[in-house]
2 protein chains.
Amino acid sequence: MLQELNIASRANRVRRYSGMEHASPAKNRELVTAMETAGSHRWFSRDTEIYAEKERAEYLYMLVSGAVRAYKVVMDGRRLISAFYMPGDIFDLEASKNHVLSTEAIVNSDALLVRRDAIMTLAARDPELMQQLWTSCTQELRRSQEHMLLLNRYAEERIASFLLEMSRRTNSTSVHLPMSRQDIGDYLGLTSETISRMLTKLESSGAIHLPTCKQIALRNRAKLEQLVI
Amino acid sequence: MLQELNIASRANRVRRYSGMEHASPAKNRELVTAMETAGSHRWFSRDTEIYAEKERAEYLYMLVSGAVRAYKVVMDGRRLISAFYMPGDIFDLEASKNHVLSTEAIVNSDALLVRRDAIMTLAARDPELMQQLWTSCTQELRRSQEHMLLLNRYAEERIASFLLEMSRRTNSTSVHLPMSRQDIGDYLGLTSETISRMLTKLESSGAIHLPTCKQIALRNRAKLEQLVI
DNA sequence: CGGCGCCTTGAACCAAGTCAAGCTCTGTGG
DNA sequence: CCACAGAGCTTGACTTGGTTCAAGGCGCCG
C-alpha cells in the first residue's frame, strides 16, 4: 500500500512539472509564489473527498498533480460535475463563506492549500497578486460560461469539444482521460452510454483513435473542430 | 419619439431606485460609489446592442434600470443566452482583452460605465474596493455554475428555477418578465414552445398564475421549490 | 486465471424539438 | 374609436436525439 502510494506519487510528480509548466507561464508568478510560500501541500488519494458542499471554506487550492472533479448531487441522486481541474488550476474560487460544490480527487493528487485570509492579506498589500487572483476568477468564469453554452449542443459536439479542451489543457494530441465515462457524462450532461456511443462514432469516422478506453489520440483535429464551432 | 424616450426614461428611473435598493444593501458601497464617481451613464433603448463579442473591452458596466441579455450566437444560428442582468448587477466581468459575449438591452435601460483601467487604478489603492470587485466576480461565477447545473434538468424544473430566481432578484412574488419566450428559451436551453407549454402546465397545476403573458404570480412557491431542489 | 467493475452495444421508450395552424395582444392608421 | 396588421404566444401532431434497461465484453488487479 505504502509502496503503491509512493509509486503513484512519483508518477504524479513527473506529470506535475509538465503540467505546471504549461499552466503557469510566468503569467501568474506572484500567485504561484504566494501559494508556495504561504500554503502547504496535501495529498489526496484516488476517489477521496477534498471538501464537501456547505462546509466552511477556509482555503484556496491549487492542483499540483493529479486530477479533480467538482460536483453537486441533486435530490434525485443525479450528480452534476461542474468542472475538472488539472495541474496548475486554482479552484474553489466560487466559494463564499462555505463551499458551494464538493470536490474529489479522480486519481492520486497533490494540492497546494493556502488560507483564504492569508492570501487576501498578502493581496491587499500587493496589487499584482490581487490582479492575478482576479484574473483567475474571470478565467474560471469564462470557462464556466463556455461550458454552459456547450450543454445546449448535440452529444457529438459536446464530446468533440471536451476532447479538444482536454487536448489543449494537457498540451498534447494524445489525451489521457483520468476520469470514467460516467464522470464525463455527468460533466457533459449525458449518460455514460451516450459517451461510449459517441466515442465509437468518432472513432469510426476517423476523427479519433482509442488504443485503450482511457487513451484517446486525436487523429483528425479539423473534423473535431468543425463540430464545435 | 423623443417624448416616448422621455416617458420610458421616467418609468425606468422610478424602477431604478427600488431595484438598486434591493441589489446593493451597503454591501458593495465602495464599488457603487466608485462607479458613480468615476463612471458615466449611458442610455440604451430596447433591443439595441451594448457591446459585441470580440470587440475591445474598455468598460465595466453596472445596470441602473431596465434589463440586459448577454449571449453568443453559434455558427448554425442558435443563440445562447448566458445571463440576464437586472438593476444593480455588474456585468462584463468575464471579459479579458475583448468581450467574450454580446449584450443587448431587453427594454430601455440605463447603465453606468466605468473604464476598466480607472477602476483598477482605484482598486490598487483601495483594498476594500478590490475585495468588492473580487466578490462580484465570485458571485457571478456562482451564478454561472448554478445556471450550468440547471441545464441538465427537466424543462419543468428549469422553468420553476428560473421563476424563483426572477422572484428572488426582483424581490417580489408577482414577477414581471421583460424578456420574450424566445429569450427565456435561449437562456434555459429550450424552445419557446416548450416554455409556453411548461408555463401552461405550471398554471394548471396551480403553481403559478398568468394574468398576462409577461406577468407571472407565484401562487404556490412550495410546489416550485419542490421542483428545483 | 478468475472475478468484478467499467465499458460497449442493442432495443424500446420518452422528453423535447420541429413544423404548422390558430390565437392574442399591441400599436397604427383610417 | 375601431379595424387591421404583425409579432409573439399557445396548442396540436409528429419526429427524433438521447435515455433507460438489459445483455454481453473487456481489462485490470488480486
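Naming: A, B, ... by sequence-line order, numbering from 1 per chain. Everything numeric here is computed off the predicted structure, so don't read it as measured data. Keep in mind that the numbers below use all heavy atoms, side chains included, and drop hydrogens, waters and symmetry copies.
Remark: C1' of dG27(C) and CZ of R46(B) are 11 Å apart, rounded to the nearest angstrom. Taking atom NZ of residue K201(B) and atom C1' of nucleotide dA16(C), one finds them 12 Å apart after rounding to whole Å. The interatomic distance linking D183(A) (CG) with dG5(C) (C1') rounds to 14 Å, in whole Å. Going from atom CZ of R78(B) over to atom P of dG17(D) covers 12 Å, rounded to whole Å. One interatomic measurement links the two molecules: CG of N152(B) to C1' of dG18(D), which rounds to 13 Å at whole-angstrom precision. Rounding to whole angstrom units, CD1 of residue I184(A) and C1' of dT8(C) are separated by 14 Å. Computed from coordinates, the D186(B) CG to dG8(D) P distance equals 13 Å when rounded to whole Å. One interatomic measurement links the two molecules: CG of D76(A) to P of dT19(D), which rounds to 14 Å at whole-angstrom precision.
Contacts of Y51(B) classified as ring-ring contact (aromatic ring centres under 6.0 Å, His included), with partners at least two apart in sequence or in another chain: Y61(B), H99(B). Contacts of Y85(A) classified as ring-ring contact (aromatic ring centres under 6.0 Å, His included), with partners at least two apart in sequence or in another chain: F91(A). Under the side-chain contact (heavy atoms from CB on, under 4.5 Å) criterion, T194(B) pairs with A155(B), L190(B), T191(B), M198(B), sequence neighbours left out. The side-chain contact (heavy atoms from CB on, under 4.5 Å) test applied to K214(A) returns H176(A), S180(A), T212(A), not counting sequence neighbours. Residues passing the side-chain contact (heavy atoms from CB on, under 4.5 Å) test with R197(A), sequence neighbours excluded: E193(A). When the side-chain contact (heavy atoms from CB on, under 4.5 Å) test is applied to R42(A), the partners found at least two apart in sequence or on another chain are F44(A), L113(A). For the salt bridge (Lys or Arg N to Asp or Glu O under 4.0 Å) test, residues two or more places apart in sequence or in another chain that qualify with E58(A) are R115(A).
Rounded to the nearest 0.5 Å, atoms CD (E140(A)) and CG (D92(A)) are 10.5 Å apart.
Defining each end axis of the helix from dC1(C)-dG30(D) to dG30(C)-dC1(D) as the rotation carrying four pairs' C1' atoms onto the next four, with five pairs an end, the two axes are found to diverge by 30° to 10 degrees.
Mapping M179(A) and E156(B) onto DNA chain C by nearest heavy atom places M179(A) at the nucleotide closer to the 5' end.
For S196(B), the side-chain atoms get nearest to dC9(D) when compared with the rest of dT8(C), dG18(D), dC9(D). The side chain of L190(A) sits closest to dG18(D) out of dC9(D), dT11(D), dG18(D).
Among the atoms of the strands shown, only primed sugar atoms or phosphate atoms (P, OP1, OP2) are found under 4.0 Å from some heavy atom of K214(A). Residue G189(B) is in sugar-phosphate contact alone, with no base atom involved, counting any heavy-atom pair closer than 4.0 Å across all strands shown. The residue S192(A) sits apart from the nucleic acid: no heavy atom pair falls under 4.0 Å.
Residues S174(B) and Q215(B) bring a donor and an acceptor atom of their side chains to less than 3.5 Å of each other. In this model, no donor atom of one side chain and acceptor atom of the other lie less than 3.5 Å apart for E53(B) and Y71(B).
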Distances for protein N/O vs nucleotides 23-25 of chain C N/O pairs under 3.5 angstrom?
none

Considering only nitrogen or oxygen atoms on both sides, find all protein atoms under 3.5 Å from nucleotides 20-23 of chain D and state each distance.
{"residue": "dT20(D)", "atom": "O4", "partner": "R197(A)", "partner atom": "NH2", "Å": "2.7"}
{"residue": "dC21(D)", "atom": "N4", "partner": "E193(A)", "partner atom": "OE2", "Å": "3.2"}

With a 3.5 Å cut-off and sequence neighbours excluded, list the donor-acceptor pairs that the side chains of residues 221-229 of chain A form with protein atoms.
{"residue": "R221(A)", "atom": "NH2", "partner": "S167(A)", "partner atom": "OG", "Å": "2.8"}
{"residue": "K223(A)", "atom": "NZ", "partner": "S205(A)", "partner atom": "O", "Å": "2.8"}

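Judged as a ring pair (Phe, Tyr, Trp, His ring centres under 6.0 Å), not a single pair has a partner in residues 194-229 of chain B (not counting sequence neighbours).
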